[in-house]
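All remarks here apply to the structure that follows.
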Amino acid sequence: MSEKTILRALKGERLPVPPVWMMRQAGRYLPEYRATRAQAGDFLSLCYTPDLAAEVTLQPIRRYGFDAAILFADILLLPQALGADLWFVTGEGPRLSTITDAAGVAALKPVAAIHETLAPVYETVRILARELPRETTLIGFAGAPWTVATYMVAGRGTPDQGPAHAFKDADRAAFSALIDRITEGTIEYLSAQIEAGAEVVKLFDSWAGSLKGADFDDFAVAPAQRIIAALKARHPGIPVIAFPREAGPRYSGFARATGADAVALDNSVSADWAAAEVQKDGCVQGNLDPRLMVSGGAELVAETRRIVQAFAGGPHIFNLGHGITPDADPDNVSRMIEAIRG
Ligand code: CP3
């Protein structure tokens, strides 16, 4: 049996047809997801019930035959495992207890304690490793430390990550201690996912774009570099995808600086620019505008083909620039895949 397409692309192989998956492919745009979520009761129960989390992970694979499945979980489970209170307000998003100073960082649980909370996630990975079709790659993930910290400090999503910036600027040593604790927790969390059967891991740094200059180096590049080095030392050859969303020009050189095998591009980046500046260092993933999954039509097909063409000269995994939204039309996903695979 030949190697899985996603793994080949991550090793730097240019494929005639790029493999494809979508961020948030298991999600509210799918009626079968909404049914399973209703069965679970709430979002966190869905994350922590392995049979149901595995079921929603498999739903988009059955419906569309994507080349990869992404573990169904959330980046905020790690802060919860480190001792933060976490809940989701329907229609609004996550809420957490806040950490705003050195004492709050010191009160977190030791990293070794995380597995107690996260054990059901590892069980989901084990189920998926058994049940996925043999050609489908299983991707595990975690939030990158900066993005996770923005939620732990503010206690919720914020438009400009103001509270995390304020903490960082008021007490850089204490904020760095928080980043270090999340970094160490992320290494243990992703290692356990790999041991349970994840074949690739992805680091989501959704708010990397709000870090500038030395802050970007210290809080986006350095933690990713540390996590990737530790994972590769423990699990030689494990491929890592990094997603420093809205990094703009800082996408250039990010794979080299962190040791990532691929960088995921958001849709604010021009595909032609990224083909020249980012893909020269290895595999890229992306970067269709998720709004086209709502609007569809000829523009969806044309944009999909344009992105495939722009990245045809090197290793590429087709994806959206960010997660598919709940108002997307499931038929548009089929149209996108048809435009890629022909
Ligand atoms: O991509 C996947 O399908 C895998 C599962 C996954 C989820 N969240 C499920 C989810 C992944 C990889 C994430 C990552 C995540 N979670 C990020 C980073 C990526 C990004 O989107 O920028 C962030 C910032 C979070 C935190 C989070 N989780 C927020 C802000 C929200 C609320 C916003 C929203 O979309 O509702 C969530 C909830 C969430 N995580 C949902 C899903 C499917 C929707 C929950 C529901 O079913 O009600």
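Atoms considered below: every heavy atom in the structure, side chains included; atoms not considered: hydrogens, waters and symmetry mates. In listed order, ligands and their atoms are each counted from 1.
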Legend entry - Close N or O approach (Arg37, ligand 1; < 3.5 Å): yes

Legend entry - Sub-4.0 Å heavy-atom contact, Ala26 with ligand 1: yes

Legend entry - Side-chain donor/acceptor of Ser295 to backbone N/O of Arg291, under 3.5 Å: yes

Inset, instruction - Taking the six-membered ring for Trp and the full ring for Phe, Tyr or His, determine whether the centres of His165 and Trp207 are under 6.0 Å apart. - result: no

Legend entry - Mutual orientation of the aromatic rings belonging to Tyr64 and Tyr29 [parallel < 30°, tilted 30-60°, perpendicular > 60°]: parallel

Inset, instruction - Please say whether Thr147 places an N or O atom under 3.5 Å from an N or O atom belonging to ligand 1. - result: no

Inset, instruction - Identify, for atom 41 (C) of ligand 1, the protein heavy atom at the shortest distance, and state residue, atom and that distance. - result: Phe43 CE1, 3.7 Å

Legend entry - For Gln25, atoms of ligand 1 separated by under 4.0 Å from a heavy atom: 3 (O)

Inset, instruction - State yes or no: are the ring centers of Phe219 and Phe175 separated by less than 6.0 Å? - result: yes

Legend entry - Protein contact of atom 23 (C) of ligand 1 - nearest heavy atom, named by residue and atom, plus distance: Ile75 CD1, 3.5 Å

Inset, instruction - State, yes or no, whether a side-chain contact exists between Trp146 and Leu211 at a heavy-atom distance under 4.5 Å. - result: yes

Inset, instruction - Please state whether the rings of Phe204 and Phe243 are parallel, tilted or perpendicular, taking 30° and 60° as the class boundaries. - result: perpendicular

Inset, instruction - Measure the distance from atom 26 (C) of ligand 1 to every protein heavy atom, then report the residue, atom name and distance (to 0.1 Å) of the closest one. - result: Asp74 OD2, 3.5 Å

Legend entry - ligand 1 contact by Phe243, heavy-atom criterion under 4.0 angstrom: no

Legend entry - Protein heavy atom at shortest distance from atom 37 (C) of ligand 1: Phe88 CE2, 3.5 Å

Inset, instruction - Heavy-atom distances under 4.0 Å are what count here, so tell me which part of Pro94 touches ligand 1: side chain, backbone, both or neither. - result: side chain

Inset, instruction - Quick one: look up the protein heavy atom nearest atom 19 (C) of ligand 1 and list residue, atom name and how far away it is. - result: Ser206 OG, 3.3 Å

Legend entry - Test item: side-chain donor near acceptor, Tyr151 and Gln161, under 3.5 Å: no

Inset, instruction - Taking atom types as modelled, find out whether Ser270 and Asp272 have a side-chain donor-acceptor pair closer than 3.5 angstrom. - result: no

Inset, instruction - Show which atoms of ligand 1 fall inside a sub-4.0 Å distance from at least one heavy-atom site of Tyr33. - result: 43 (C), 46 (C), 47 (O)

Inset, instruction - Please identify which atoms of ligand 1 are closer than 4.0 Å to at least one heavy atom of His322. - result: 20 (C), 21 (O), 22 (O)

Inset, instruction - Please state which part of Arg28 comes within less than 4.0 Å of ligand 1, counting heavy atoms only: side chain, backbone, both or neither. - result: side chain

Inset, instruction - Check ligand 1 against Leu71 and write out every atom of the ligand that is under 4.0 Å from a heavy-atom position of the residue. - result: 4 (C), 5 (C)

Inset, instruction - Check for a donor-acceptor pair, side chain of Gln279 on one end and backbone N or O of Pro315 on the other, with a separation under 3.5 Å. - result: yes

Inset, instruction - Among all protein heavy atoms, pick out the one at the shortest distance from atom 3 (O) of ligand 1; state its residue, atom name and that distance to 0.1 Å. - result: Arg24 CA, 3.1 Å

Inset, instruction - Return yes or no for this condition: an N or O of Arg245 is under 3.5 Å from an N or O of ligand 1. - result: no

Legend entry - Distance flag, aromatic centroids of His115 and Tyr122, threshold under 6.0 Å: yes

Legend entry - Protein contact to atom 24 (C) of ligand 1 [nearest heavy atom, distance to 0.1 Å]: Tyr151 OH, 3.2 Å

Inset, instruction - Without swapping roles, check the side chain of Thr57 against the backbone of Phe72 for a donor-acceptor pair under 3.5 Å. - result: yes

Legend entry - Donor on one side chain, acceptor on other, Ser268 and Glu246, under 3.5 Å: no

Legend entry - Ala73 heavy atom under 4.0 Å from ligand 1: yes

Inset, instruction - Quick one: look up the protein heavy atom nearest atom 11 (C) of ligand 1 and list residue, atom name and how far away it is. - result: Phe141 CZ, 3.6 Å

